[in-house]
J.: 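Here it is: the structure, laid out below.
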Amino acid sequence: MSDSLNDLVSHWVRPEIRALTAYRVQSAAGLIKLDAMENPYTWPAALRDAWVDMLRGTAVNRYPDPTAHALSERLREAMAVPPGMRVLLGNGSDELIQMIAMSLSGASASVLSVEPTFVMYRLIAIFCGMRYVGVPLQADDFSLDLPAVRQAMEEHQPAVVFLAYPNNPTANLFDESAVVDIIRAAPGLVVVDEAYAPFTDASFMQRLGEFENLVVMRTVSKMGLAGLRLGLLAGPPAWLNEFDKVRLPYNINVLTQASAEFALRHRQVFDRQTRQIRAAREGLAAAVARLPGVRVYPSQANFLLLRTPPGMATPWFDGLRDRGILIKKLDGAHSLLADCLRPTVGTDQENDALIAALGEVSAD
Ligand SMILES: *Cc1c(COP(=O)(O)O)cnc(C)c1O
């Protein structure tokens with residue numbers, strides 16, 4: 001790049017954007033893919049055929065329904081959104097996080113969350129020119145440090161607090177009463193992000209309406225439709241009517257609307273798959289916990305957080321990749337995640353391959 005072009009870009013692009021590195025996804029070509037919390041199962045052949053038949057009648061020359069009405073109603077029912085609450089759809093929950101941040105941003109506005117957590121809360125805060133405050137979780141078990149969160153809220157007066165429930169990448173569920181304390185003490189909005197709802201029995205969905213500042217976010221990504229990019233926000237109309245104003249027109253495309261509605265009509269298939277993943281999680285956790293020197297943290301999600309013996313996260317991660325298995329290396333991402341790895345729960349065969357490969361790399 002020429003000096004003058006460099007100067008031009010640095011002059012005009014915001015410094016906080018220039019300081020970022022673009023969100024990168026590691027290549028999974030040819031590998032068993034256990035890095036991104038995807039549902040490993042495809043659809044039964046008959047269901048796939050019926051889906052393709054349905055798509056034949058979908059008009060891609062037309063703009064989608066701008067309000068995605070039929071799909072919204074289907075999601076409202078599938079996710080048991082309480083009456084009186086509004087729903088708003090996003091192109092993935094990432095887009096909903098962005099809509100919330102754009103609506104609340106301002107010169108002095110901040111976003112607060114805990115650390116380590118889902119990185120998009122921090123990144124989107126930066127995109128929107130907001131300050132980000134990350135309050136560390138407790139080092140021993142990744143539970144909420146309630147006094148620290150309360151003190152940070154007092155000090156920074158965040159416009160919005162994001163809490164992933166269960167949390168990614170720590171896999172645990174925060175104490176419900178601690179979350180309620182945070183909702184009660186927060187000066188602004190609290191978003192409870194339930195991306196992993198299919199893998200736990202806990203939820204704040206039925207508590208919507210009990211607090212003026214609570215909204216609940218869900219996604220179809222982890223239940224088995226990550227490729228469609230569809231998230232849902234549920235909460236009091238007074239909040240969601242405002243967020244709706246920054247939504248780009250037609251943000252949910254025709255194919256996603258038709259396919260997600262179709263899939264939700266056959267929800268029992270996905271319910272069966274997510275039940276299978278929950279059951280497999282327990283077997284995988286027990287097998288990994290038997291490896292010498294490994295700590296497995298309790299999981300309420302479709303992935304495991306594990307801590308290797310000191311200094312072994314990189315050699316084990318590389319060793320797994322050499323054996324054809326891709327997981328996520330967390331070591332280096334946050335000080336509380338030293339020596340940590342995060343495999344997604346896969347099919348029985350994939351989990352067996354992971355256990356065998358972990359056995360080998362841990363014996364090296
Ligand atoms: C994976 C994940 C999401 C993903 O959302 P999309 O709907 O795929 O954009 C949201 N929140 C958390 C905590 C996640 O781990």
Side-chain angles (χ1 to χ4, degrees), residues 23 25-26 33-40 68 71-72 75 78-79 87-102 111-125 127 132 134 137 142 144 160-174 179 190-200 202-205 215-234 243 247-248 251-253 256-257 259-260 263-264 270 274 277 281 297 299-305 327-328 330 333-334 337 340 342-345:
Y23 189 88
V25 177
Q26 46 189 353
K33 194 172 185 313
L34 300 177
D35 65 325
M37 283 81 84
E38 291 146 333
N39 174 340
L71 175 58
S72 298
L75 281 165
M79 299 195 175
V87 303
L88 193 58
L89 306 191
N91 188 352
S93 31
D94 292 346
E95 193 191 34
L96 291 165
I97 299 169
Q98 189 178 50
M99 283 159 56
I100 294 167
M102 283 171 70
V111 171
L112 185 142
S113 191
V114 294
E115 300 244 302
T117 192
F118 189 47
V119 294
M120 293 314 294
Y121 308 144
R122 180 177 62 82
L123 287 177
I124 290 172
F127 300 165
Y132 176 80
L137 294 169
F142 299 113
L144 284 171
V160 55
V161 175
F162 285 98
L163 291 174
Y165 185 83
N167 189 40
N168 170 17
T170 58
N172 60 321
L173 201 58
F174 299 133
V179 175
V190 176
V191 180
V192 174
D193 178 353
E194 299 188 341
Y196 298 97
F199 310 103
T200 181
S203 172
F204 274 82
M205 188 65 91
V215 296
V216 170
M217 193 164 64
R218 294 276 184 95
T219 175
V220 300
S221 294
K222 309 304 164 29
M223 76 173 245
L225 300 171
L228 294 182
R229 309 302 300 129
L230 177 66
L232 168 139
L233 190 69
F243 303 150
R247 184 174 62 84
L248 293 177
N251 63 328
I252 311 299
N253 74 71
T256 294
Q257 289 195 31
S259 303
L264 290 169
F270 298 92
T274 50
I277 293 165
R281 169 180 77 197
Y297 291 85
S299 173
Q300 290 284 304
N302 63 339
F303 61 90
L304 297 179
L305 177 70
I327 63 170
K328 176 81 175 180
L330 297 169
H334 189 276
L337 295 173
C340 285
R342 186 193 67 190
T344 304
V345 179

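Every number for a ligand or one of its atoms is a count from 1 in the order of the listing. Quick caveat, the model's predicted, so the values are computed rather than measured.
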J.: So which residues, sorted by chain and number, lie with a heavy atom under 4.0 Å of ligand 1?
T.: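 These residues qualify: Gly92, Ser93, Asp94, Phe118, Tyr121, Ala164, Asn168, Asp193, Ala195, Tyr196, Thr219, Ser221, Lys222, Arg229.
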J.: Is it true that a side-chain atom of Thr344 and a backbone atom of Met37 form a donor plus acceptor pair closer than 3.5 Å?
T.: yes
J.: Would you give the length of the straight line joining atom OG of Ser93 to atom CG of Leu233, rounded to the nearest 0.5 angstrom?
T.: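 One finds 9.5 Å between OG of Ser93 and CG of Leu233.
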J.: Say whether Thr170 and Arg342, considering side chains only, have a donor N or O and an acceptor N or O under 3.5 Å apart.
T.: no
J.: Measure from the side-chain N and O atoms of Asn251 to the backbone N and O of Leu89, and report whether any donor-acceptor pair falls under 3.5 Å.
T.: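 Yes, Asn251 side chain to Leu89 backbone: donor-acceptor pair under 3.5 Å.
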J.: Nearest heavy-atom pair of Val114 and Thr117: which atoms, and what distance?
T.: O-CG2, 2.9 Å
J.: Taking atom CZ of Phe270 and atom CG of Asn39, what is their separation to the nearest 0.5 Å?
T.: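 The CZ atom of Phe270 sits 7.5 Å away from the CG atom of Asn39.
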